[in-house]
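See structure below.
For this chain, numbers begin at 1 and follow the sequence in order. For ligands, and for the atoms within them, numbers begin at 1 and follow the listed sequence. Because the structure is predicted, anything quoted here is derived from the model rather than measured.
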Amino acid sequence: MIAKLLLDKKREGHALGSAEIREFIEGFTSGEIPDYQMSAMAMAICCKGMNERETADLTEAMKNSGRSLEWEFPTADKHSTGGVGDKLSLIIQPLVAACGVAVPSLTGRGLGITGGTADKLETIPGYNASLSLDDFQQVVKDVGVSMTVQTSEITPADKKLYALRDVTGTVASIPLITASILSKKLAEGAGTLVFDVKCGSGAFMKTREDAVALANSLVNGAKAAGRKAAALVTSMDAPLGYEVGNVNEVAESLEWLGRGSEEVRVKSEELRSEDSSSDPIELCIEFAALMVSLTKEIPLDEARQMCREKLADGSALAKFEQMVAAQGGDLERFRKVAAKPVFKFKIQAMRSGYVTAVDAEKVGRVALALGAGRLEAKDRIDPL
Ligand code: URA
């Protein structure tokens, strides 16, 4: 294969063949194709796009660049494109496990204003969010849920390509984003994939049109790879829930997991804003029910009812506690830390009125400046 011929072909807007895409990615992974040719290909894809078949081939080629896991029992996972205050995974994954569907979740770290589930979980003293793949598989078997960062054995081609995209202005491309997200999720092996595509000021996708296009691309790609899949496009104009920052978000999640469903309903109605899509518990129930309904092949209403029951009887919280213990975390110590904010600052309104909007992007930037996130992958988080 002559890489330059394929670059010419894509630059002229033609579709690449399945074998051409496979060989290009294999060549890039092995180092035979240098970074400058891969960067040029990424830019050509950004400008000329890829059809659905090419996107599926790119996804498959990237998945096959590393190890893939298989499970002997029903599994599901949820992926969020990321937002401010987005702690939904901390609630959804144990809730789904409590419903009898195992959740092997290889999760990410935060970048820019969007937080990462692994960073949040690492605020629990002792929690190991960097398990080996063998330990990850063991925790999923023993507990039914594990959340840990992706290891370098999973989709090495994506790791290399993402680093190039980050510095060559080629992140914003639906085929490239789809292949990047989906290759990792397919390698993880979950049978059902549900996507939360965030849309708004605090999200990657600023317009509804782009968010819907990405949602369709992810769902079509997952189905083409033989998985059950669905997506919801949800608002990220305001932060999700009532807390932002790593420790605060784990504490808020524990609070939601610890309430019975009736109390959850009452609390969420008390606090509900005009835009109910920012209400975390209702969104959690919706996502968890989708995952359970698709995996168990039961009606959505029945799955919603099951989720409410598993919140009410404490089994979702118990799953979270078991997962934390299995990964070395100490929730008692966490609860003591979380109860003592280092600084408190009260903002007094100048006159009475209603808060009608909270800008997710601005809150995300403040959290980032306070050390809750990182500007570059090598930056360190300040958990408190
Ligand atoms: N998240 C990913 O994993 N990859 C992308 O390309 C964008 C967001």
Seminar exercise, completed: shortest atom 7 (C) of ligand 1-to-protein heavy-atom contact is with F204 CE2, 3.6 Å
Exercise. To which protein heavy atom is atom 3 (O) of ligand 1 closest, and what is the distance rounded to 0.1 Å?
Worked result: K184 NZ, 2.5 Å
Problem set entry | Nearest neighbour in protein (non-hydrogen) for atom 1 (N) of ligand 1 | I181 CG1, 3.9 Å
Exercise. For atom 4 (N) of ligand 1, what is the nearest protein heavy atom, given as residue, atom name and distance?
Worked result: S180 OG, 2.6 Å
For this session: Check if V171 has a non-hydrogen atom at a distance under 4.0 Å from any atom of ligand 1.
Result: no
For this session: Indicate whether any N or O donor in one side chain lies under 3.5 Å from an N or O acceptor in the other, for D158 and S180.
Result: yes
For this session: May I ask you to say whether R308 pairs ionically with E302, meaning some side-chain N is under 4.0 Å from a carboxylate O?
Result: no
Exercise. Are a donor atom and an acceptor atom from the side chains of T29 and S65 found within less than 3.5 Å of each other?
Worked result: no
Problem set entry | Polar side chain donor-acceptor pair, Q93 to D77, under 3.5 angstrom | yes
Exercise. Just checking, any donor-acceptor pair under 3.5 angstrom between side chains of D142 and Q138?
Worked result: yes
